[in-house]
Amino acid sequence: NKDLSKQVIGLVYNARLLSKTDEEKMIINLEKAREISTKTNNPIDIGYVEYGYLMYYIKIKKNDLALKSYHKSFEIFKSLEGYNTILAILLMQKSNLGQAATKNKDDVSDFLSFYKYAKLSKNNNLINIAANNLGYFHLYEEKLSIESPTFKKVLNYFEEAYQYGKLSS
């Protein structure tokens, strides 16, 4: 039912906006979205509801619950075609969880996945953020010298971030 699915997505994005001003209304919107998604049983609706809860759990600093919602949502959208933008956003939000989100803070795979889906989405803002994040990951996780092979990679990521940043403004 397309109307109910639109309602779910609207409630989730409204909850996201409310996260800045009214946590109680945010929760009400997410609960309504979850209730509707159980009626539609549409994987996309369920994926968006889990995305909404991911944002809520990040807000209240419940990293374990945030990761559960992230994984549910990510697996749903990854199994569908054409959802690169939400996949990139999910990976970006996962990175907001910091070290708690990964077993190994030195693991670059999440950053590379975010970059991959951002590029596939063709969203200039997401590409800008993903390239910038990769550059900073390498800059801070490795002891770089100008002679380091990674140094050139860092410069390339920052240059790409700059170019996509110009396109976004």
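Small disclaimer: the values here were computed from a predicted structure and weren't measured.
- With rounding to the nearest 0.5 angstrom, the CG atom of Leu18 is 5.5 Å from the CG atom of Asn29.
- We find the CG-CD1 distance between Leu54 and Ile89 to be 11.0 Å, quoted to the nearest 0.5 Å.
- Lys78 NZ: 12 or fewer foreign heavy atoms inside a 6.0 Å radius.
- Phe158 contributes atom CZ, which lies 13.0 Å from atom NZ of Lys153 (distance to the nearest 0.5 angstrom).
- No chain of hydrophobic side-chain contacts below 4.5 Å, direct or via other Ile, Leu, Val, Met, Phe, Trp or Tyr residues, connects Tyr162 to Leu155.
- Defined by atom type and a distance below 3.5 Å, a donor-acceptor pair is present between the side-chain atoms of Asp45 and Ser5.
- Note: Ile9 CD1 to Asn14 CG = 13.5 Å, rounded to the nearest 0.5 Å.
- A heavy-atom distance below 4.5 Å is not found between the side chains of Glu35 and Glu31.
- Ring geometry for Phe111 against Phe137 counts as tilted: the plane angle lies between 30° and 60°, on a 0 to 90° scale.
- When side chains are defined from C-beta on, Lys94 counts as touching Leu67, because their heavy atoms get closer than 4.5 Å.
- Cluster annotation: Tyr53 is not connected to Ile28 through the hydrophobic network of ILVMFWY side chains, with a link wherever side-chain heavy atoms come within less than 4.5 Å.
- When atom types are taken as modelled, the side chain of Lys72 and the backbone of Gly47 share no donor-acceptor pair closer than 3.5 angstrom.
- The aromatic rings of Tyr117 and Phe74 stand perpendicular to each other, their planes meeting at an angle above 60°, with 30° marking the opposite boundary.
- Judged purely by distance below 3.5 Å, without hydrogens or angles, the side chains of Ser69 and Glu50 pair a donor atom with an acceptor atom.
- No hydrogens or angles considered: a donor-acceptor pair under 3.5 Å links the side chains of Tyr51 and Arg16.
- Using a 3.5 Å distance cut-off with no hydrogens or angles, the side chains of Tyr70 and Glu75 do not pair a donor with an acceptor.
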